[in-house]
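Input: a single structure, listed below in structure tokens.
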Amino acid sequence: MSHRTIHLFNRGLRLHDNPTLVAALESSAAMYPVFLLDRAFMEGSVRMGALRWRFILQSLEDLHHSLQRLGSRLYVIQGSHEAVLRRLVAQWGITQLSFDDEVEPHYKQLDKELRTLASELSLSVLSCVAHSLYDVKRIIKANSGQPPLTYKKFLRVLSVLGEPDTPAREITETDFQKCPTPGDEEGEEPYKVPSLSELGFEVEYEVLWPGGESHALKRLEKHFQSQGWVANFSKPRTIPNSLLPSTTGLSPYLSLGCLSVRTFYHRLSKVYAQSKNHSLPPVSLQGQVLWREFFYTVASATPNFTRMVGNPICLQIDWYEDPQALHKWKMGQTGFPWIDAIMTQLRQEGWVHHLARHAVACFLTRGDLWISWEKGMKVFEEYLLDADYSLNAGNWMWLSASAFFHRYTRIFCPIRFGRRTDPDGHYLRKYLPVLKNFPSKYIYEPWTAPEHVQHQSGCIIGKDYPLPMVNHLEASQRNLALMKELRIEQENTADLTRDMADDPMEVGVKRKLPEDTIAQRDATEYNSSVPVGNKRCSSPDESSWTPDPVRLPEMSSKVV
DNA sequence: ACAAGGTTGTTCAA
DNA sequence: TTGAACAACCTTGT
């Protein structure tokens with residue numbers, strides 16, 4: 001069968017390990033590689049900022065050049081999938097559509113629409129799994145229809161399935177000689193990759209993460225030169241505030257499919273085979289891509305995975321609505337340099353270390369601000385080059401102790417956590433230049449610096465840099481109590497339901513609160529309805545908190 | 001009913 | 001620096 005095929009790139013912006021494109025080439029006499037820049041579709045599911053758009057456009061340019069080197073090209077077309085495809089199918093005499101199989105809801109919806117259209121236009125459809133190591137449906141099937149909800153269990157299921165498929169064969173010039181890409185009568189111009197400004201975006205920050213398969217492969221090779229580092233990689237030991245990424249920095253490329261996860265995985269297997277004591281999941285590099293797979297699997301089988309309401313695995317929490325506090329967090333104006341530096345790096349560069357993400361996520365949700373993880377997830381979606389439907393939501397639920405992770409008493413301290421690995425605050429000085437002359441002693445909690453030190457450093461706290469928006473010790477303890485209370489309530493609700501089933505008359509009697517719990521409730525009752533920012537500062541044993549409540553205009557963020 | 005296990009805390013002593 | 005103690009929990013497996 002010799003088709004005239006449109007290969008639709010969505011993610012999977014690469015030529016290496018591209019099983020769908022290989023199969024399409026082998027079954028066709030003419031191949032049109034197309035990227036359909038359908039903004040309604042792309043922006044319908046996530047809110048992408050300029051950094052992310054820049055990364056995508058660069059990746060498209062790169063893909064276009066790689067295809068050109070093989071005698072082909074990339075057609076980039078703006079418009080809705082349906083309208084554009086109807087036109088092109090007629091114009092180019094298309095008989096087949098090919099695109100990668102995907103699992104996320106918006107892609108599944110698109111998949112459905114494309115198949116409907118294909119059926120109407122009598123087109124063949126060709127689709128392979130290329131974005132994940134496994135077909136996640138297989139994983140769920142192997143776990144008797146349920147997604148495994150812990151990583152260990154997930155690994156156990158995988159061990160039954162065996163190793164993931166090896167990468168697809170390389171695509172060469174010969175493929176495009178046998179199956180050439182015809183030109184279009186309208187020439188090159190209408191099909192070029194648009195510029196960022198044509199899309200209405202502007203970025204003032206330099207490119208630290210150039211998009212595209214070539215850069216992905218270069219980065220991959222660079223890391224594999226240090227085989228020992230690759231083999232012994234242990235995630236928790238990497239440093240969140242190093243000035244250059246202490247991890248591989250491959251996530252943006254994996255996210256957009258500029259790098260194939262299978263290629264990465266099997267390259268790692270080779271290194272491990274030659275190494276005596278390589279690290280293992282969950283902390284190893286392979287462990288990292290398996291985490292990715294884990295979240296893809298759970299997300300694919302969980303309704304409303306990116307939301308709290310209607311999400312069966314997500315703890316239902318009455319988070320505060322506090323747009324001003326959220327805005328301070330997003331803009332790096334919390335008054336905690338460690339938090340603000342991370343958020344600044346995020347907005348400027350589009351990437352921060354995983355543990356840094358933990359720190360700011362914990363701070364926003366269960367740690368300090370008690371703001372919904374969905375809000376934070378959306379901010380990450382806007383800026384993070386590697387933001388991904390399943391991973392982003394999964395990690396936010398994790399960090400907010402809404403799902404997967406439950407030991408909510410482990411709250412990151414926004415002062416000590418960063419100081420451990422960067423006591424002199426080089427990272428803070430880089431991203432918050434206003435603090436660059438502060439002595440190391442005070443830089444993680446600059447509000448504790450005596451006035452003359454602030455003067456000498458050229459930075460007055462409360463004027464040049466904000467006072468901390470919350471008292472961390474108080475806020476975290478209050479939130480912890482809220483979390484405890486919440487869980488007790490849910491337990492009682494469960495009891496109640498059970499009792500009702502047993503004997504409706506006994507309901508009131510069997511509900512119980514342990515005595516210490518009652519004490520907790522009393523102690524926290526006053527706070528439970530008060531936004532974090534409004535709580536006055538009263539903790540007596542607070543060593544690092546500013547003693548002067550008059551100097552806290554930043555505190556009252558809600559009721560003014 | 002109860003123990004074990006869960007990617008990645010904090011503190012303090014050597 | 002590293003390691004042990006402490007650890008305001010929840011789910012799963014026996």
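Each chain gets a letter, A, B and so on, in the order the sequences are listed, and its residues count up from 1.
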A:Lys484 side-chain N/O to C:dC9 phosphate OP1/OP2 under 4.0 Å:
yes
Would you check if A:Arg262 and A:Leu133 make a side-chain contact, meaning some heavy-atom pair closer than 4.5 Å?
yes
Can the ring centroids of A:Tyr134 and A:Tyr265 be said to lie less than 6.0 angstrom from one another?
no
Could you check whether A:His278 and A:Phe233 have their ring centres less than 6.0 Å apart?
no
In whole Å, I'd like the distance from the NE2 atom of A:His472 to the P atom of B:dG9.
14 Å
I'd like to know if A:His406 reaches the base of C:dT11 with its side chain, counting only an N/O donor and acceptor under 3.5 Å.
no
Rounded to whole Å, how long is the line connecting atom CE of A:Met397 with atom P of B:dT7?
15 Å
Whole-Å distance, A:Phe405 CZ to C:dC9 C1', equals 9 Å
Any N/O pairs under 3.5 Å between the protein and nucleotides 12-14 of chain C? List them or say none.
none

Going by an N to O cut-off under 4.0 Å, is there a salt bridge joining A:Lys375 and A:Asp322?
no
Salt bridge or not between A:Arg11 and A:Glu104? Use side-chain N to carboxylate O under 4.0 Å.
yes
Answer yes or no: is there an ion pair linking A:Glu445 with A:Arg419, defined by an N-O contact shorter than 4.0 Å?
yes
Atom CG of A:Leu482 to atom P of C:dC9: distance rounded to whole Å?
16 Å
A:Trp398 and A:Trp373: aromatic ring centres closer than 6.0 Å?
no
Grab the CZ-C1' distance between A:Phe404 and B:dG5 for me, whole Å please.
17 Å
Close N/O contacts between protein and nucleotides 3-7 of chain C (under 3.5 Å):
| unit_1 | atom_1 | unit_2 | atom_2 | d |
| --- | --- | --- | --- | --- |
| C:dA7 | N1 | A:Arg410 | NH2 | 3.2 |
| C:dA7 | N3 | A:Arg410 | NH2 | 3.4 |

A:Arg410 side, atom CZ; A:Cys362 side, atom SG - distance, nearest 0.5 Å
12.0 Å
A:Asn479 atom CG is separated from C:dA8 atom C1', nearest whole Å, by 14 Å
Is the centre of the A:Tyr389 ring less than 6.0 Å from the centre of the A:Phe295 ring?
no
Can you confirm whether the side chains of A:Tyr296 and A:His131 place a donor and an acceptor under 3.5 Å from each other?
yes
Tell me which one of A:Trp329, A:Tyr444, A:Trp447, A:Phe412 satisfies ring pair (Phe, Tyr, Trp, His ring centres under 6.0 Å) with A:Phe336.
A:Trp447
Return the polar atom pairs (N/O with N/O) between nucleotides 10-14 of chain B and the protein under 3.5 Å, or none.
| unit_1 | atom_1 | unit_2 | atom_2 | d |
| --- | --- | --- | --- | --- |
| B:dT10 | OP1 | A:Ile411 | O | 3.1 |
| B:dT10 | OP1 | A:Cys413 | N | 2.9 |
| B:dT10 | OP2 | A:Arg420 | NH1 | 3.4 |
| B:dT11 | OP1 | A:Arg416 | NH1 | 3.3 |
| B:dT11 | OP1 | A:Arg416 | NH2 | 3.3 |
| B:dT11 | OP2 | A:Arg416 | NE | 2.7 |

Write out the stems for DNA chain C, ordered by first number and formatted as range with range, counting runs of at least 3 consecutive Watson-Crick or G-U wobble pairs under 3.5 Å.
B:1-6 with C:9-14, B:9-14 with C:1-6
Of A:Tyr431, A:Phe380, A:Trp351, which meets side-chain contact (heavy atoms from CB on, under 4.5 Å) against A:Leu346?
A:Phe380
Go through the structure and list residues passing ring-ring contact (aromatic ring centres under 6.0 Å, His included) with A:His327, not counting sequence neighbours.
none
Is the closest basic N to carboxylate O distance between A:Asp101 and A:Lys137 below 4.0 Å?
yes
Rounded to whole Å, please give me the gap between OH in A:Tyr151 and P in B:dT7.
9 Å
Looking at A:Tyr383, is its backbone amide N or carbonyl O close enough to the side chain of A:Arg347 to form a donor-acceptor pair, meaning the two atoms are under 3.5 Å apart?
no
So if I take residues 280-296 of chain A and measure heavy-atom distances to DNA chain C, which residues fall below 4.0 Å?
none
Could you tell me how far apart A:Phe154 (CZ) and B:dT7 (C1') are, to the nearest whole angstrom?
14 Å
Determine the interatomic distance between C1' on C:dA7 and the same-named atom on B:dG6; round to the nearest Å.
13 Å
Verify whether one side chain among A:Ser457 and A:Asn437 offers a donor that lies under 3.5 Å from an acceptor in the other.
no
